[in-house]
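Shown below is the structure under consideration.
We're numbering straight along the sequence, starting at 1. In listed order, ligands and their atoms are each counted from 1.
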Amino acid sequence: MTLNEAESGALVRAVQLAGLGAGTALPNPVVGCVLLSPAGSLVGEGFHHRAGGPHAEVVALSDAGDAALGATAVVTLEPCNHTGRTGPCSRALLAAGVAKVVVAVRDPWPAAAGGVEMLREAGVEVVVISDSHSAAEDVNRVWLTATRLARPFVTFKAGVTIDGRVAAADGTSRWITSPESRADVHRLRSEVDTMMVGVGTVLADDPLLTVRDAEGRPVVRQPLRVVIDSPGRTPAEAKVRNADAETLIATAAEFGNGSRVDVAAVLHELYRRGRRHVLLEGGPRLATAMLDEGLVDEILFYVAPLVLGSGRSVLDGSAVGTLADAHPAQLRAVDRFGPDVRLRYSLQP
Ligand code: AOF
Ligand code: ZN
């Protein structure tokens with residue numbers, strides 16, 4: 001499988017378009033589509049903006065109009081072959097007279113998959129890339145992972161010192177990272193559908209866990225707040241219980257595995273309730289337990305230019321006892337926010 005220059009360029013653009021749906025498309029995938037004329041020039045483009053709205057292919061087709069006839073469609077996700085909230089994109093591409101389709105990633109959801117076979121049977125040339133390290137895979141990692149594993153994608157986020165601390169020896173922890181990093185965290189919170197913390201964090205910091213606008217008012221669409229609280233110690237007056245957003249206090253009584261919460265069971269229940277992206281904000285024990293259980297998909301660390309040399313570590317109490325058992329991670333991105341560096345790693349290959 002090789003793409004020509006125009007198709008490779010179109011794929012880069014399609015991935016960029018897909019990214020525009022980050023946050024708004026949930027619980028649906030982010031998808032981008034570019035249409036090329038037989039000569040290789042761009043004649044239409046589109047992305048999936050929100051669940052229930054038109055799919056990327058349909059937006060690109062209406063952008064192209066008559067120019068879709070004989071065109072090549074480059075899509076980041078296999079065109080759907082089902083009638084869900086909208087009609088099948090495979091048929092829409094066929095009806096518009098598209099001659100060739102380049103598919104970056106196969107659809108892991110059986111109900112919608114099959115666009116590739118349907119189009120091939122109808123005589124359309126279809127090229128499937130299916131590279132697990134591609135940019136198309138990465139941009140849609142939240143939805144792809146959630147769909148494949150039937151649980152939400154989990155991002156563990158923390159602001160740390162160079163030596164990986166989240167608080168000083170006396171417990172002070174405000175503010176380790178810069179205002180620029182904190183603004184990025186707000187953007188991130190507005191893109192997820194769930195925020196998760198351990199009860200220790202609730203007892204220590206009494207966080208609100210809501211998304212606020214520039215004036216500090218809670219925005220309309222709030223992520224669900226989840227507290228992992230085995231013994232049920234979340235105080236009745238804790239701020240996470242306020243009316244600004246929905247809250248799930250997961251106790252061992254409800255999600256039990258002996259005296260401890262079975263976090264995998266909580267995640268499966270969240271998926272069943274339509275949740276696809278959990279932002280795990282600590283504390284160190286919960287995050288470590290989830291890492292050890294293979295329940296963290298991504299680590300996002302904002303590293304501030306500070307050294308403490310003592311105090312609470314970002315992760316603590318792992319079952320890992322020897323170097324050979326360390327969790328391997330792949331570095332995906334390095335970005336700067338003011339004086340801080342943001343590191344993004346993926347954990348599942
Ligand atoms: C999208 N956007 O651009 C493509 C999707 O509920 P529906 O009808 O919107 O269908 C959603 C499914 O369609 C989705 O889970 C995925 O399997 C497939 N393709 N979905 O939301 C798109 N191409
Ligand atoms: Zn579709």
**Complete:** atom 2 (N) of ligand 1: closest protein heavy atom, distance to 0.1 Å, is H48 CG, 3.1 Å

**Which of the ligand 1 atoms, numbered from 1, are nearer than 4.0 Å to a heavy atom of E57** = 3 (O), 23 (N)

**Prompt:** Are R276 and Y271 close enough that some pair of their side-chain heavy atoms sits under 4.5 Å apart?
**Reply:** yes

**Asked** Should we count CG of D66 as having more than 12 external heavy atoms under 6.0 Å?
**Response** no

**Item:** Within 6.0 angstrom of R148 CZ, more than 12 heavy atoms from elsewhere
**Value:** yes

**Message:** Other residues, nucleotides and ligands only: do more than 12 of their heavy atoms fall within 6.0 Å of CZ on R260?
**Reply:** no

**Message:** Taking E298 first and then R141, would you say they form a salt bridge - that is, a charged N and a carboxylate O separated by under 4.0 Å?
**Reply:** yes

**Prompt:** Which of the numbered atoms in ligand 1 are below 4.0 angstrom from a heavy atom of W109?
**Reply:** 15 (O), 17 (O)

**Prompt:** Who's the nearest protein heavy-atom neighbour of atom 3 (O) of ligand 1, and how far?
**Reply:** A56 N, 2.8 Å

**Request:** Indicate, as side chain, backbone, both or neither, the part of F47 found under 4.0 angstrom from ligand 1 when only non-hydrogen atoms are considered.
**Result:** neither

**Request:** Quick one: look up the protein heavy atom nearest atom 14 (C) of ligand 1 and list residue, atom name and how far away it is.
**Result:** P29 CD, 3.7 Å

**Shortest non-hydrogen contact from R344 toward L300** = CB-CD1, 3.7 Å

**Complete:** A student checking ligand 1 against T86 at a 4.0 Å heavy-atom cut-off should list atoms 8 (O)

**Request:** Check whether any N, O or S atom of H82 sits under 2.8 Å from the Zn ion (ligand 2).
**Result:** no

**Message:** Can you report which non-hydrogen protein atom sits closest to atom 16 (C) of ligand 1, along with the distance?
**Reply:** D107 OD2, 3.2 Å

**Request:** Write out the residue and atom name of the closest protein heavy atom to atom 6 (O) of ligand 1, then the distance separating them to 0.1 Å.
**Result:** R85 NE, 2.9 Å

**Prompt:** Tell me, do V124 and R120 make a side-chain contact under 4.5 Å, heavy atoms counted?
**Reply:** no

**Item:** Where ligand 1 meets C80 - atom numbers and elements under 4.0 angstrom, heavy-atom basis
**Value:** 13 (O), 18 (C), 19 (N)

**Asked** With a cut-off of 6.0 Å (strictly less than), are more than 12 heavy atoms of other residues, nucleotides or ligands near CZ of R106?
**Response** yes

**Item:** Closest protein heavy atom to atom 12 (C) of ligand 1, given as residue, atom name and distance to 0.1 Å
**Value:** H82 CE1, 3.8 Å

**Request:** Would you mind listing which atoms of ligand 1 come within a distance below 4.0 Å of any non-hydrogen atom of G84?
**Result:** 8 (O)

**Asked** Can you tell me if T194 and H277 form a side-chain donor-acceptor pair at under 3.5 Å?
**Response** no

**Prompt:** Among protein heavy atoms, which lies nearest atom 9 (O) of ligand 1, and at what distance?
**Reply:** H55 NE2, 2.7 Å

**Request:** Could you find the nearest protein heavy atom to atom 15 (O) of ligand 1 and give me its residue, atom name and distance?
**Result:** W143 CZ2, 3.2 Å

**Asked** In Å and rounded to the nearest 0.5 Å, what is the CG to CG distance from D184 to D335?
**Response** 8.0 Å

**Request:** Could you check if a side-chain atom of F156 sits within less than 4.5 angstrom of a side-chain atom of L315, using non-hydrogen atoms only?
**Result:** yes

**Asked** the Zn ion (ligand 2) is nearest to which N, O or S atom of H55?
**Response** ND1

**A112, portion touching ligand 1 at heavy-atom distance under 4.0 Å** = side chain

